[in-house]
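Side chains are part of it too, since the values below use all heavy atoms of this structure and drop only hydrogens, waters and symmetry mates.
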Amino acid sequence: MTKQAASAPLYMQIKDDIQRKIETGHYSDGDKLPSERELCEMFSVSRIPVRKALEMLETEGLIRSFQGKGSFVKAPGLRSNLVH
């Protein structure tokens with residue numbers, strides 16, 4: 001990890017890691033992402049930065065989250081790149 005990446009907020013590091021995995025095909029259309037608890041363990045963080053990262057990914061149209069079911073990668077054709 002670069003010095004600049006290490007100095008980024010935890011939620012951005014998590015978001016960037018998941019986004020990179022989606023873009024490189026590690027996670028593909030329809031794949032279920034690890035649970036919040038699993039992501040907390042993977043990144044050794046509390047749920048707050050994990051939730052913020054997932055929220056940002058959903059806002060950017062990369063994933064879709066469902067209460068009680070988890071977060072899933074969205075199909076590329078269903079992604080929106082709207083700027084608020």
Side-chain angles (χ1 to χ4, degrees):
M1 186 179 304
T2 65
K3 185 176 182 180
Q4 183 179 11
S7 65
L10 290 173
Y11 68 89
M12 285 300 295
Q13 294 177 43
I14 296 165
K15 179 213 169 258
D16 291 345
D17 184 72
I18 295 171
Q19 183 173 350
R20 186 172 36 259
K21 287 179 178 175
I22 291 171
E23 291 171 351
T24 61
H26 182 84
Y27 298 125
S28 56
D29 174 34
D31 283 353
K32 185 177 188 296
L33 297 178
S35 69
E36 284 183 6
R37 180 175 294 180
E38 291 169 326
L39 290 169
C40 290
E41 291 173 7
M42 287 170 57
F43 292 100
S44 300
V45 297
S46 70
R47 282 195 166 157
I48 294 169
V50 168
R51 286 182 177 173
K52 176 94 172 159
L54 293 174
E55 180 183 300
M56 291 179 71
L57 289 166
E58 186 166 17
T59 298
E60 292 180 13
L62 292 171
I63 67 169
R64 179 74 176 117
S65 296
F66 299 95
Q67 187 173 357
K69 301 216 185 284
S71 299
F72 298 83
V73 177
K74 273 179 109 171
L78 300 177
R79 296 181 187 155
S80 69
N81 291 323
L82 299 177
V83 177
H84 298 278

To the nearest 0.5 Å, tell me how far [X] [atom1] sits from [Y] [atom2].
X	Y	atom1	atom2	result
Leu39	Leu33	CG	CG	7.0 Å
Lys32	Ser71	NZ	OG	7.5 Å
Met42	Ser35	CE	OG	10.0 Å
Ser65	Glu36	OG	CD	8.0 Å
Leu62	Ile18	CG	CD1	10.0 Å

**Asked** Stepwise, does the side chain to side chain contact (heavy atoms under 4.5 Å, CB included) test hold for Ile63 with Lys74?
**Response** CA-CA 5 Å; Ile63 67 169; Lys74 273 179 109 171; 5.7 Å; no

Less than 4.5 Å apart, side chain to side chain, heavy atoms only: is that true for [X] and [Y]?
X	Y	value
Asp17	Phe43	yes
Glu55	Arg51	no
Tyr27	Pro34	yes

**Asked** Any Lys/Arg nitrogen of Lys15 or Glu60 sitting under 4.0 Å from an Asp/Glu carboxylate oxygen of the other?
**Response** yes

**Prompt:** Below 4.0 angstrom, N of the basic side chain to O of the carboxylate: do Asp16 and Arg20 qualify?
**Reply:** no

**Asked** For Ile48 and Leu10, what are the C-alpha separation, side-chain angles and deciding distance, and is it a side chain to side chain contact (heavy atoms under 4.5 Å, CB included)?
**Response** CA-CA 10 Å; Ile48 294 169; Leu10 290 173; over 6 Å; no

**Request:** Search all heavy atoms of Met12 against all heavy atoms of Ala8 and return the closest pair with its distance.
**Result:** CB-CB, 4.4 Å

**Asked** Stepwise, does the side chain to side chain contact (heavy atoms under 4.5 Å, CB included) test hold for Phe72 with Asp29?
**Response** CA-CA 8 Å; Phe72 298 83; Asp29 174 34; over 6 Å; no

**Request:** Spell out, as yes or no, whether a donor-acceptor pair under 3.5 Å connects the side chain of Gln19 to the backbone of Leu57.
**Result:** no

**Request:** Please test Ile14 against Leu54 for side chain to side chain contact (heavy atoms under 4.5 Å, CB included), starting from the C-alpha separation and ending with a verdict.
**Result:** CA-CA 9 Å; Ile14 296 165; Leu54 293 174; over 6 Å; no

